[in-house]
Amino acid sequence: MGILNKIKNKFLGYKSSSTAYINYMRKQGVKVGKGVVIFRPFHTNIDMQNPHLLTIGNYVQMTGPVTVLTHDYSWSVIKRKYGGEILGNQRETTIGDNVFIGWGATILGGSKIGSNVIIGANSVVSGYVKENSVYAGNPAKYLMSLDEYYEKRKALQLKEAVNYVKKYKLRFNKLPLEKDLDEYFFLFRDNDYDKLFEKKLRLMGNYEESLNCLKNHHAKMFNNYNEFLDYAIHRK
């Protein structure tokens with residue numbers, strides 16, 4: 001362990017890294033699957049007051065300052081108003097497999113998020129989120145199926161990649177390197193794969209599947225990166 005990591009561990013504790021946070025949750029009794037990543041652990045707040053009421057599935061990606069709750073302390077107002085009566089509010093919260101939770105989202109106690117779900121940035125989730133879907137808003141509402149979102153993203157790949165090149169050239173007065181297009185390389189790469197994009201291919205634990213998809217990608221639009229660049233530069 002490097003000196004910097006030792007310092008972070010000393011002062012930030014279990015919030016020093018994604019791995020430390022996840023290990024701590026498991027020790028407390030939270031059920032956490034494999035491939036879970038917390039991208040901003042110090043700014044993420046996961047309620048472990050009731051660890052037995054929280055389940056996080058496999059390959060859940062939490063971006064910025066995400067909040068996940070299993071309880072609601074609003075009953076304190078009821079206690080004060082209605083003669084001291086205590087009406088607890090502790091509910092099971094479940095996050096399925098292959099879920100992306102956007103920046104600043106809050107998952108309220110009692111929520112159940114299905115598998116293969118995208119939660120938009122700053123969303124507030126309460127209740128049931130059905131599987132294979134995209135939700136966003138406050139409160140979070142169903143936007144579209146995951147199949148619809150998949151087709152939408154496919155249709156925008158070339159337009160976004162071209163815009164990336166043009167804006168890069170305008171800002172830095174030079175063209176981006178091939179490695180900079182690490183989210184759009186399916187447009188110009190197939191079986192000539194090398195180590196340049198290995199990190200992206202290994203994301204989400206399905207490297208072989210992703211590599212096979214790249215090698216058999218029949219929708220590739222350009223023979224190589226230079227051909228794509230030439231198209232992007234001259235595209236109006």
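Just so you know, these numbers use all the heavy atoms, side chains as well, and skip hydrogens, waters and symmetry mates.
Residues Ile38 and Ile22 have side chains in contact (heavy-atom distance under 4.5 Å, counting atoms from C-beta outward). Side-chain contact between Val162 and Tyr231 is present, with at least one heavy-atom pair separated by less than 4.5 Å. Counting heavy atoms from C-beta outward, Lys15 and Asn45 have side chains that approach closer than 4.5 Å. Looking only at side-chain heavy atoms (C-beta outward), Glu160 and Glu183 stay at 4.5 Å or farther from each other. Contact of the Val66 side chain with the Phe39 side chain is not registered, since no non-hydrogen atoms from C-beta on lie closer than 4.5 Å. Side-chain contact check for Phe188 versus Leu229: every heavy-atom pair is 4.5 Å or farther apart.
A side-chain donor-acceptor contact under 3.5 Å links Arg91 to the backbone of Gly109. In this structure, the side chain of Tyr135 does not engage the main chain of Ser123 through any donor-acceptor pair within 3.5 Å. A distance-only check finds no donor-acceptor pair linking the side chain of Thr67 to the backbone of Thr106 [under 3.5 Å]. Checking side-chain atoms of Lys166 against main-chain N and O of Ala232 turns up a donor-acceptor pair under 3.5 Å. One N or O on the side chain of Asp47 and one on the backbone of Thr70 form a donor-acceptor pair closer than 3.5 Å. Checking side-chain atoms of Ser133 against main-chain N and O of Leu146 turns up no donor-acceptor pair under 3.5 Å. At least one donor-acceptor pair under 3.5 Å links the side chain of Tyr21 to the backbone N or O of Thr44.
Side-chain contact, Ser145 with Asp147: no donor N or O sits under 3.5 Å from an acceptor N or O.
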Would Asn138 and Asn122 satisfy side-chain contact (heavy atoms from CB on, under 4.5 Å), going step by step from the backbone distance to the final call?
CA-CA 8 Å; Asn138 181 5; Asn122 293 313; over 6 Å; no

Please determine whether side-chain contact (heavy atoms from CB on, under 4.5 Å) holds for the pair Asn98 and Ser115, giving the CA-CA distance in whole Å, both sets of side-chain angles, and the decisive distance to 0.1 Å.
CA-CA 6 Å; Asn98 192 30; Ser115 296; 5.7 Å; no

So Ile101 and Ile95, side-chain contact (heavy atoms from CB on, under 4.5 Å) or not? Walk me through it.
CA-CA 10 Å; Ile101 302 177; Ile95 301 172; 3.9 Å; yes

Tell me, with the steps shown, if Ile233 and Lys169 meet side-chain contact (heavy atoms from CB on, under 4.5 Å).
CA-CA 9 Å; Ile233 293 168; Lys169 176 68 165 58; over 6 Å; no

Using atom types as modelled, flag every donor-acceptor pair under 3.5 Å from a side chain in residues 24-37 to any protein atom, sequence neighbours excluded.
from, atom 1, to, atom 2, distance (Å)
Arg26, NE, Val32, O, 3.3
Arg26, NH2, Val32, O, 3.2
Arg26, NH2, Gly33, O, 2.8

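Within the structure, every pair that satisfies the ring pair (Phe, Tyr, Trp, His ring centres under 6.0 Å) test and touches residues 53-97, not counting sequence neighbours, is listed here: Tyr73-Trp75.
Linking Ile, Leu, Val, Met, Phe, Trp and Tyr residues whenever their side-chain heavy atoms come within less than 4.5 Å places Leu181 and Leu211 in a single cluster. Under a hydrophobic-cluster definition in which Ile, Leu, Val, Met, Phe, Trp and Tyr are linked whenever side-chain heavy atoms come within less than 4.5 Å, directly or via other members, Met48 and Leu53 are assigned to different clusters. Tracing side-chain contacts under 4.5 Å through hydrophobic residues (I, L, V, M, F, W, Y), one reaches Leu158 starting from Leu214; they form part of the same cluster. Under a hydrophobic clustering in which Ile, Leu, Val, Met, Phe, Trp and Tyr are joined whenever their side-chain heavy atoms come within less than 4.5 Å, directly or via other members, Phe228 and Tyr184 fall into the same cluster. Under the 4.5 Å side-chain heavy-atom criterion for grouping Ile, Leu, Val, Met, Phe, Trp and Tyr, Tyr14 is connected to Val68 within one hydrophobic cluster.
Here the CG atom belonging to Leu177 is positioned 9.0 Å from the CG atom belonging to Leu196, to the nearest 0.5 angstrom. In this structure, OH on Tyr168 lies 9.0 Å from CG on Leu175, to the nearest 0.5 angstrom. Atom CD1 of Ile56 sits about 11.5 Å away from atom CG of Asp97, to the nearest 0.5 Å. In this structure, Phe186 CZ and Phe222 CZ are separated by 16.0 Å, a value rounded to the nearest 0.5 Å. In this structure, the separation between CD on Gln157 and CE on Met221 is 10.5 Å, given to the nearest 0.5 Å. If you take CG on Leu69 and CD on Gln90, they are separated by 12.0 Å, rounding to the nearest 0.5 Å.
Aromatic ring orientation, Phe185 versus Phe197: parallel (interplanar angle below 30°, classes split at 30° and 60°).
Counting non-hydrogen atoms of neighbouring residues, nucleotides and ligands closer than 6.0 angstrom, the OH atom of Tyr142 exceeds 12 such neighbours. Dense packing is recorded around CZ of Arg153, with more than 12 heavy atoms of other residues, nucleotides or ligands lying under 6.0 Å away. More than 12 non-hydrogen atoms from other residues, nucleotides or ligands lie less than 6.0 angstrom from NZ of Lys200.
Of all the heavy atoms in Thr63 and Gly102, the pair that sits closest is OG1-C, 2.9 Å. Taking each heavy atom of Thr93 and Gly110 in turn, the nearest pair found is OG1-N, 3.2 Å. When all heavy atoms are compared, the tightest approach of Gly64 to Trp103 is CA-CE3, 3.1 Å. Among all heavy-atom pairs drawn from Gly13 and Ala20, the shortest one is O-CB, 4.4 Å. In plain terms, the two heavy atoms of Glu131 and Val117 that are nearest each other are CA-CG2, 3.9 Å. Nearest heavy-atom pair across Ser126 and Ser111 is CA-OG, 3.5 Å.
Under the salt bridge (charged side-chain N to carboxylate O under 4.0 Å, His left out) criterion, Arg80 pairs with no residue at all, not counting sequence neighbours.
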